[in-house]
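In what follows, a single structure is set out as structure tokens and then discussed.
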Amino acid sequence: MNVVPPTSASLIAALAGVLPNGGVLTEDEDLARYSRDWSGDHVGRPLAVARPSSVEEMSALMRHCHAQRIPVVPQGGLTGLVGAAVAADFGEVVISLERMNRIRSISPIDFAMVVEAGCILEDAKRAAEQSDCLLPITFGAQGSCRIGGNVATNAGGFNVLRYGMTRDLVLGLEVVLADGRIWNGLKVLRKDNRGYDLKQIFIGSEGTLGIVTAAALKLFPKPTQTETALVGLRSVEDAMALYARARRDCSDLLTAFELILRGGIEIAMREGADFPDPLTRAYPVYVLIEISAGGLIDLSAMLLGFLDRVTDLVEDGIVASTRAQAERLWLYREIMVERQGRGGRYLRTDVSVPISKLADFVAGALAALERSCPEALAVTYGHVGDGNIHLNVVPPESMAPAAVERLFEQAEAEIFAVVDRYGGSISAEHGIGRVKQKAFLERIDPVTLDIAAGIKQAFDPRHILSNGRILATRADHGL
């Protein structure tokens, strides 16, 4: 039989019985804020919103949903960009993690913290700082996104170059399975070679295999020094040569190396007089460099010495002399991302290629877009050190909605074709969800698909967890 969500008042009341004290929301005005993600592009009204406040309540809720074959979708801060956490049109129950938001422990000796899945990332980072530690996951949505979503999507961000993806920062997990069982893999061990590393199965699974309720995360010593520079270059090829030299000269102190093409700087400049052209003249390519360290290292001398040695590549640049100036330089990067859509929809791509092929990819993708979609604005920026480029496409302001959809379909196909040419990935950090599912399934090999489907079947045989994300929607076969 098909997965059919309950619609009767009795079944909704049963959910409320599992989660007392306002744990279940059903009124339209209450459901509104759980029905649309940050982008505004993905909308879905849930049948109800369940808000457990403990792992025990989450376990009871999932036991009930499993027994009644109620489809559910876990939801964090709704900052994802692939439609994974918004309710599908077959009437899912949203499970919000917002009430499971405690920081359970911080150990500056273990350099680890245990945080519940509903904790906002910025709150977790601030708590780590109070213990003189650093939680390095960093990106623009950190004031809204939640730890569970970071784990479920294997979030990336600005600091992947130095610290890795979320996957590299997770020491242990607590997960509620589809049938309500609790898998307690919460540990802060750095070395544990006892068989399968089950936590890695859940990281990046986008809520399709289990619901992360808490995570043990690696911390690092809090840097006492940070140096930031914005430089102008002639080409992406020069930016890649600069990156290779920065990796050697600045070693593991290189925290961020962000590529921004001129169009992105011009988007930020539209904010007004507070955002003038940052350098003495316009350059085709800009790189935002950040290094950080503690201890007795003279970080300023390191950065200035490095820039003195790369004048054959760097045409011009500015080094922040204060933290406020550094934050101002980062604002160009952040405002560019916020304003690139001109107030309307735009195509977001999040791709990766081998770092050595990044310049070729950018040239090839931009040339393909110019040939097939000359009326569109291509906005290019990315995290050079991990081969991750965001090449977004903004339609003309007067374009009709149907034409916009055709433009997006054509532009995405062109970009993905160049990604395929260089052996890259159509999703570097955003995930698959529903938005990238078709392109993902077109590219997956049969053996990988068979293994993935087998894992899904083993963890969620009734297909009630985030059904239709990553893999195609499946019916309940009465198992």
Side-chain angles (χ1 to χ4, degrees), residues 107-113 121 124-125 128-129 131-139 142 150 154-171 188-191 203 216-231 233 238-260 286-310 313-314 317 319-320 323 326-327 329-330 333 352-358 381-389 428-429:
S107 172
I109 296 177
D110 287 318
F111 280 98
M113 67 190 307
L121 173 57
K125 290 171 68 70
E129 288 176 2
S131 293
D132 205 28
C133 293
L134 171 71
L135 175 60
I137 308 171
T138 301
F139 42 81
Q142 64 189 27
N150 301 155
N154 187 29
F158 302 138
N159 291 341
V160 171
L161 167 61
R162 181 165 176 178
Y163 298 104
M165 301 278 280
T166 297
R167 182 182 304 281
D168 301 296
L169 301 172
V170 174
L171 294 168
V188 297
L189 298 175
R190 301 296 174 124
K191 299 178 74 172
I203 302 169
L217 302 171
K218 291 181 187 177
L219 302 179
F220 296 82
K222 180 182 175 182
T224 58
Q225 305 174 68
T226 301
E227 296 291 331
T228 306
L230 179 72
V231 300
L233 304 105
D238 281 356
M240 299 312 299
L242 180 68
Y243 163 74
R245 288 163 70 170
R247 283 288 283 158
R248 289 180 172 85
D249 286 8
C250 301
S251 65
D252 290 336
L253 303 183
L254 185 63
T255 305
F257 196 97
E258 294 289 304
L259 176 75
I260 308 171
Y286 297 77
V287 167
L288 190 59
I289 303 171
E290 188 163 277
I291 59 177
S292 61
L296 303 177
I297 296 172
D298 188 342
L299 207 61
S300 176
M302 173 182 282
L303 180 59
L304 292 174
F306 167 69
L307 293 175
D308 282 343
R309 292 189 294 274
V310 292
L313 297 172
V314 173
V319 177
R323 193 61 212 161
E327 290 171 355
L329 293 179
W330 274 103
R333 169 68 165 78
S352 66
V353 294
I355 298 171
S356 61
K357 303 298 183 183
L358 192 145
Y381 57 97
H383 318 301
V384 165
D386 51 33
N388 178 191
I389 287 292
E429 58 183 356

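- Here the straight-line distance linking atom CG of L134 with atom CD1 of I137 works out to 10.0 Å at 0.5 Å rounding.
- Between L217 and V170 there is a side-chain heavy-atom pair separated by less than 4.5 Å.
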Evaluate the criterion side-chain contact (heavy atoms from CB on, under 4.5 Å) for residue pair F139 and L121; output intermediate values, then yes/no.
CA-CA 10 Å; F139 42 81; L121 173 57; 3.9 Å; yes
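- The minimum heavy-atom distance linking R162 with D252 is given by the pair NE-O, 3.0 Å.
- The main-chain N or O of T226 is never found under 3.5 Å from a side-chain atom of R323 such that the two would form a donor-acceptor pair.
- For A112 against V188, the heavy-atom pair with the smallest separation is CB-CG1, 3.8 Å.
- Considering CG of L259 and CZ of R333, their distance stands at 9.5 Å, rounded to 0.5 Å.
- When each of Y381, Y163, W330, F257 is paired with F158, the ring pair (Phe, Tyr, Trp, His ring centres under 6.0 Å) condition holds for W330 and for no other.
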Would you please test Y286 and L329 for side-chain contact (heavy atoms from CB on, under 4.5 Å) and show each step?
CA-CA 11 Å; Y286 297 77; L329 293 179; over 6 Å; no
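- The two residues G157 and V160 make their nearest non-hydrogen contact at O-CG2, 3.6 Å.
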List the steps and the verdict of side-chain contact (heavy atoms from CB on, under 4.5 Å) for E227 and M302.
CA-CA 9 Å; E227 296 291 331; M302 173 182 282; over 6 Å; no
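- Of the inter-residue distances, the one linking L303 atom CG with L253 atom CG reads 11.0 Å to the nearest 0.5 angstrom.
- Nearest approach of L242 to L313, heavy atoms of both residues: N-CD1, 3.6 Å.
- A 4.5 Å side-chain heavy-atom check between L135 and L219 finds at least one atom pair inside the cut-off.
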For side-chain contact (heavy atoms from CB on, under 4.5 Å), just list the numbers for L254 and F306, CA-CA rounded to whole Å, side-chain angles, deciding distance to a tenth of an Å, and then say yes or no.
CA-CA 12 Å; L254 185 63; F306 167 69; over 6 Å; no
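- Across every non-hydrogen atom of D249 and R309, the tightest pair is OD2-NE, 3.3 Å.
- In this structure, CD in E290 is found 3.5 Å from OG1 in T228, a value given to the nearest 0.5 Å.
- In this structure, E429 CD and N154 CG are separated by 9.5 Å, a value rounded to the nearest 0.5 Å.
- Looking only at distances, no side-chain donor or acceptor of S352 sits under 3.5 Å from a matching main-chain atom of G387.
- For K218 (side chain) and D168 (main-chain N/O), a donor-acceptor pair under 3.5 Å exists by modelled atom type.
- When all heavy atoms of F111 and P221 are compared, the closest pair comes out as CE2-N, 3.6 Å.
- Under a cut-off of 6.0 angstrom, the local environment of CZ in R248 is sparse, with at most 12 non-hydrogen atoms contributed by other residues, nucleotides or ligands.
- Side-chain contact check for N159 and T138: at least one donor-acceptor pair (N or O, by modelled atom type) lies under 3.5 Å.
- Note that CE of M240 is 11.5 Å distant from NZ of K357, once rounded to the nearest 0.5 Å.
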